[in-house]
Chemist: 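Structure below; questions to follow.
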Amino acid sequence: MANTNDDAITGIPTQEEDVKELLKVRRDKLAKLQKEGKNPFHITRFNPTCYSQQILENFEEMEEKPVVIAGRIMSKRIMGKASFAHILDAKGQIQIYVQINELGQEAYDEFKTYDIGDIIGVEGAVFKTHKGEISVRAKKITLLCKSLQPLPEKWHGLKDVDLRYRQRYVDLIVNPDVRRTFVIRSQIIRGIRNYLDSRGFLEVETPVLHNTAGGAAARPFITHHNTLDIDMYMRIATELHLKRLIVGGFDKVYEIGRIFRNEGMDIKHNPEFTSIELYQAYADYHDMMDLTEDLISTLARDILGSEVITYQGEEINLSRPWTRMTMVEAVKKYTGIDMAAIDSADQARAEAKKAGVDVGVKATWGEVLNALFEEKVEDNLVQPTFIMDYPIEVSPLAKKKLDDPRLTYRFELFITRREMANAFSELNDPIDQKERFLEQVRQREAGNDEAEMMDEDFINALEIGMPPTGGLGIGIDRLVMLLTDSYSIRDVILFPTMKPRED
RNA sequence: GACCCAUUAGCUCAGGAGGUAGAGCACUUGACUUUUAAUCAAGGUGUCCGGCGUUCGAAUCGCCGAUGGGUCACCA
């Protein structure tokens with residue numbers, strides 16, 4: 001932007017710039033245009049009248065009607081005094097037919113010098129070729145941007161995953177499925193907003209920079225505020241601020257936003273990702289289950305046209321109702337161990353050992369239950385399944401179960417063996433919450449750097465009083481992966497986190 | 001973090017018993033007024049990821065490193 005280097009503009013490579021032959025050809029073409037006063041970069045606007053898609057879908061009405069389209073040249077076939085090319089715009093591709101009689105000698109000769117990758121505006125009439133392809137017969141062509149680098153091959157596209165992520169702009173140009181994925185991502189997020197807005201939820205924005213990183217068990221990114229001269233944390237969840245808003249009297253709130261966790265990267269994890277959290281006063285986790293399955297099945301129906309989808313070759317049925325079982329039931333089903341019948345931690349650890357699940361010598365009953373679930377149950381949960389009643393040790397923000405204080409009113413949703421959502425009947429007892437935080441602080445001091453930090457102001461808010469509330473969090477990226485049949489989280493994030501290249 | 005694999009032309013990929021490299025697309029020139037992976041003729045592509053070592057000679061073998069991918073660990 002700030003580069004006003006004339007050499008770069010005139011196409012003459014600067015000294016340190018070692019321009020390859022392939023690139024030099026295009027720079028020379030640009031320099032020639034500039035010399036003739038036809039610098040495409042001087043053009044500031046152009047007015048297309050329609051998208052390629054509209055022409056293709058409404059050919060009957062548009063036949064022989066004048067249109068103006070704009071887009072990138074994706075292919076070119078020159079046959080003497082007539083040529084064909086395909087133009088890619090935001091909605092798809094359409095063929096143009098360029099003939100010397102329509103354009104005139106000079107303009108036609110110039111068109112022949114345009115390259116694949118150049119962006120042009122085309123004025124002409126809609127027609128169908130002898131071979132039956134709907135096309136635009138060009139009357140006038142305007143070069144709107146000269147591309148100085150060749151695009152990847154037309155047939156195989158861009159396959160190198162490293163390059164695809166680093167140069168997503170190229171990926172989007174040459175790989176149509178990638179465009180589709182990100183269009184669906186946008187539709188999913190819009191669908192969620194529509195769903196919640198129509199049910200009276202208020203969308204809010206809470207801080208990304210936190211003084212204490214709370215609401216989840218994760219290592220935070222640390223940054224520094226210069227004026228205040230304090231370290232701050234990038235948020236690891238939106239939970240604690242949203243609950244403050246329930247205290248403040250908003251009874252239904254949600255936030256869709258970026259969360260940052262300083263942890264490993266793999267096909268399911270990116271250091272920054274998008275979550276939605278919503279909170280509804282006077283509701284509990286059963287209401288959150290109803291909402292979750294209705295929301296996700298509605299999204300599938302509205303966006304994909306079916307509640308039965310395929311993920312990586314497996315059929316997933318999102319039709320309601322979804323299976324609901326407690327963690328104790330799930331562990332019993334897949335391991336035969338009935339944790340409900342076990343009272344002591346000693347006995348629980350013995351059962352875990354028998355089942356081949358490694359737990360620490362000090363593991364509690366709840367920790368054993370959680371370990372058995374993670375190691376023996378999760379991999380079986382392909383179809384949508386709500387797992388209810390998590391142990392209190394791993395649920396510091398969820399309300400204790402009345403009939404069993406070792407457990408909480410919490411569920412997680414699993415689809416394709418992956419955690420998709422997490423929800424509680426929110427803990428609103430400030431005294432209990434403070435004790436839970438203190439336990440987390442003890443764990444933190446014992447070396448667990450993912451334990452919660454004490455948040456005194458949050459305790460203060462609960463002391464002011466939060467009504468009974470149901471809360472739900474959904475990982476948007478994983479949901480988009482499911483609904484777009486994407487293998488890796490990096491395929492649903494436009495610009496995934498990458499290591500810088502050291503060249 | 002550990003282990004395995006990959007990295008060759010702008011792109012997709014071959015090849016290489018150690019003797020400085022190929023195809024297709026793309027590109028250049030010419031022919032062609034309904035092609036569509038257009039066709040036909042001719043032509044040029046390169047830090048073979050980087051560094052060091054072995055060797056008369058390394059893109060090929062060895063070591064170190066970079067980046068990416070995979071598996072595992074971590075991620076309640």
Side-chain angles (χ1 to χ4, degrees), chain A residues 18-26 28-29 73-86 93-103 108 112-113 115-117 127-135 137 147-167 170-171 173-175 216-219 236 261-271 273 327 358 363-364 366-367 369-371 373-375 378 390-398 408 410 412 418-419 422 440 443 448-452 487-488 490 496 498-503:
Chain A
D18 182 20
V19 178
K20 296 214 172 94
E21 196 56 36
L22 215 53
L23 307 184
K24 189 172 180 300
V25 171
R26 294 194 177 209
D28 289 346
K29 285 179 180 177
I73 300 175
M74 297 303 288
S75 67
K76 220 175 87 179
R77 295 173 292 283
I78 295 177
M79 291 163 309
K81 298 189 169 62
S83 301
F84 293 87
H86 274 98
Q93 286 200 26
I94 192 165
Q95 180 172 259
I96 61 168
Y97 176 54
V98 187
Q99 202 195 39
I100 193 164
N101 298 353
E102 296 271 354
L103 236 63
Y108 185 75
K112 286 203 288 185
T113 70
D115 290 298
I116 289 172
F127 80 113
K128 201 180 260 184
T129 64
H130 291 168
K131 294 279 170 67
E133 179 162 351
I134 296 164
S135 307
R137 188 191 299 111
S147 170
L148 296 180
Q149 291 202 29
L151 286 177
E153 205 218 342
K154 62 185 167 185
W155 194 240
H156 297 94
L158 185 64
K159 290 229 169 101
D160 185 318
V161 283
D162 184 33
L163 268 185
R164 285 186 45 221
Y165 298 145
R166 286 182 197 278
Q167 300 188 25
V170 178
D171 193 28
I173 291 167
V174 300
N175 294 326
R219 271 192 298 271
I236 57 173
R261 294 187 183 173
N262 205 340
E263 289 167 353
M265 296 160 65
D266 60 33
I267 54 168
K268 290 186 291 184
H269 299 86
N270 195 66
F273 61 99
M327 186 179 278
D358 212 16
T364 60
E367 286 164 352
L369 173 63
N370 192 55
F373 172 75
E374 287 184 355
E375 296 202 24
E378 277 191 13
Y390 275 59
I392 192 165
E393 293 91 331
V394 296
S395 313
L397 301 167
T408 59
R410 171 187 179 186
E412 286 196 348
R418 287 175 187 171
E419 176 196 338
N422 180 24
Q440 291 289 312
Q443 288 191 23
N448 177 2
D449 56 2
E450 289 174 359
E452 295 269 351
Y487 172 71
S488 166
R490 294 182 147 197
M498 302 291 281
K499 256 195 213 180
R501 304 202 76 147
E502 291 182 20
D503 296 321

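Below, read A as the first sequence line, B as the second, and so on, with proteins coming before strands; counting in each chain starts at 1. Just so it is clear, the model here is predicted, and its values are computed rather than measured. No hydrogens, no waters, no symmetry mates; every other heavy atom, side chains included, goes into these values.
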Chemist: Is any side-chain nitrogen or oxygen of A:Arg77 closer than 4.0 Å to OP1 or OP2 of B:A38?
Modeler: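 For A:Arg77, the contact criterion (side-chain N or O under 4.0 Å from OP1 or OP2 of B:A38) is met.
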Chemist: Could you pick out which residue, A:Asn101 or A:Leu151, lies toward the 5' side of RNA chain B when each is mapped onto its nearest nucleotide?
Modeler: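 Counting from the 5' end, the first nearest nucleotide belongs to A:Leu151.
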Chemist: Does B:A26 have OP1 or OP2 sitting under 4.0 Å from an N or O in the side chain of A:Lys154?
Modeler: yes
Chemist: Between A:Tyr97 (OH) and B:A38 (P), how many Å, whole number?
Modeler: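 Interatomic distance, OH of A:Tyr97 to P of B:A38: 17 Å.
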Chemist: Just the rounded figure in Å: distance from C1' of B:U34 to CZ of A:Phe127.
Modeler: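 Interatomic distance, CZ of A:Phe127 to C1' of B:U34: 7 Å.
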Chemist: For the base of B:U35, is there a side-chain donor-acceptor partner from A:Gln95 under 3.5 Å away?
Modeler: yes
Chemist: A:Ile78 side chain: which of B:C32, B:U34, B:U36 is closest?
Modeler: B:C32
Chemist: Among B:U36, B:A38, B:U33, which is the nearest nucleotide to the side chain of A:Gln99?
Modeler: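 Between B:U36, B:A38, B:U33, the one nearest the side chain of A:Gln99 would be B:U33.
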Chemist: Looking only at side-chain N and O atoms, does A:Lys131 come under 4.0 Å of OP1 or OP2 in B:U34?
Modeler: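 Negative; the distance criterion is not met.
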Chemist: Could you let me know what B:G1 is paired to, Watson-Crick or G-U wobble, both distances under 3.5 Å, or none if it's on its own?
Modeler: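 For B:G1, the partner nucleotide comes out as B:C72, under the 3.5 Å rule.
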Chemist: Using a cutoff of under 3.5 Å, can you pull out all pairs of nitrogen or oxygen atoms linking the protein to nucleotides 28-30 of chain B, with atom names and distances?
Modeler:
{"residue": "B:U28", "atom": "OP1", "partner": "A:Lys29", "partner atom": "NZ", "Å": "2.5"}

Chemist: Sugar-phosphate means primed atoms, P, OP1 and OP2; the rest is base. With that split, encode nucleotides 68-76 of chain B 5' to 3' as B, S or - using protein heavy atoms under 4.0 Å.
Modeler: SSSS--BBB
Chemist: Checking A:Tyr487 now: which residues fulfil ring-ring contact (aromatic ring centres under 6.0 Å, His included) with it, not counting sequence neighbours?
Modeler: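 Scan of A:Tyr487 (ring-ring contact (aromatic ring centres under 6.0 Å, His included), adjacent residues dropped) gives none.
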Chemist: Could you pull out the closest heavy-atom pair between A:Arg164 and A:Leu158, with the gap in Å?
Modeler: CD-O, 3.2 Å
Chemist: Looking only at atom C1', what distance separates B:A38 and B:C4, rounded to whole Å?
Modeler: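 To the nearest whole Å, 45 Å.
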Chemist: Heavy atoms from C-beta onward define the side chain here; which of B:U36, B:A38, B:U12 lies closest to that of A:His86?
Modeler: B:U36
Chemist: When you compare B:A76 with B:A2, how far apart are their C1' atoms, in angstrom units rounded to a whole number?
Modeler: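 Going atom to atom, C1' in each nucleotide, I get 23 Å.
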Chemist: Tell me whether the side-chain N or O atoms of A:Ser75 pair up with the base of B:U36 as donor and acceptor below 3.5 Å, since no angle test is needed here.
Modeler: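 Flag unset: no donor-acceptor pair detected.
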Chemist: Nearest to the side chain of A:Lys81, which nucleotide is it out of B:U35, B:C11, B:U33?
Modeler: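 Nearest to the side chain of A:Lys81 among the choices is B:U33.
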Chemist: Using the C1' atoms only, state how far B:A31 lies from B:U45, rounded to an integer number of Å.
Modeler: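 Pairwise C1' distance, B:U45 against B:A31, rounds to 24 Å.
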Chemist: Please state the C1' separation for the pair B:C27 and B:G44 - nearest whole angstrom.
Modeler: 9 Å
Chemist: Send over the distance from A:Lys159 NZ to B:A14 P, rounded to a whole Å.
Modeler: 11 Å
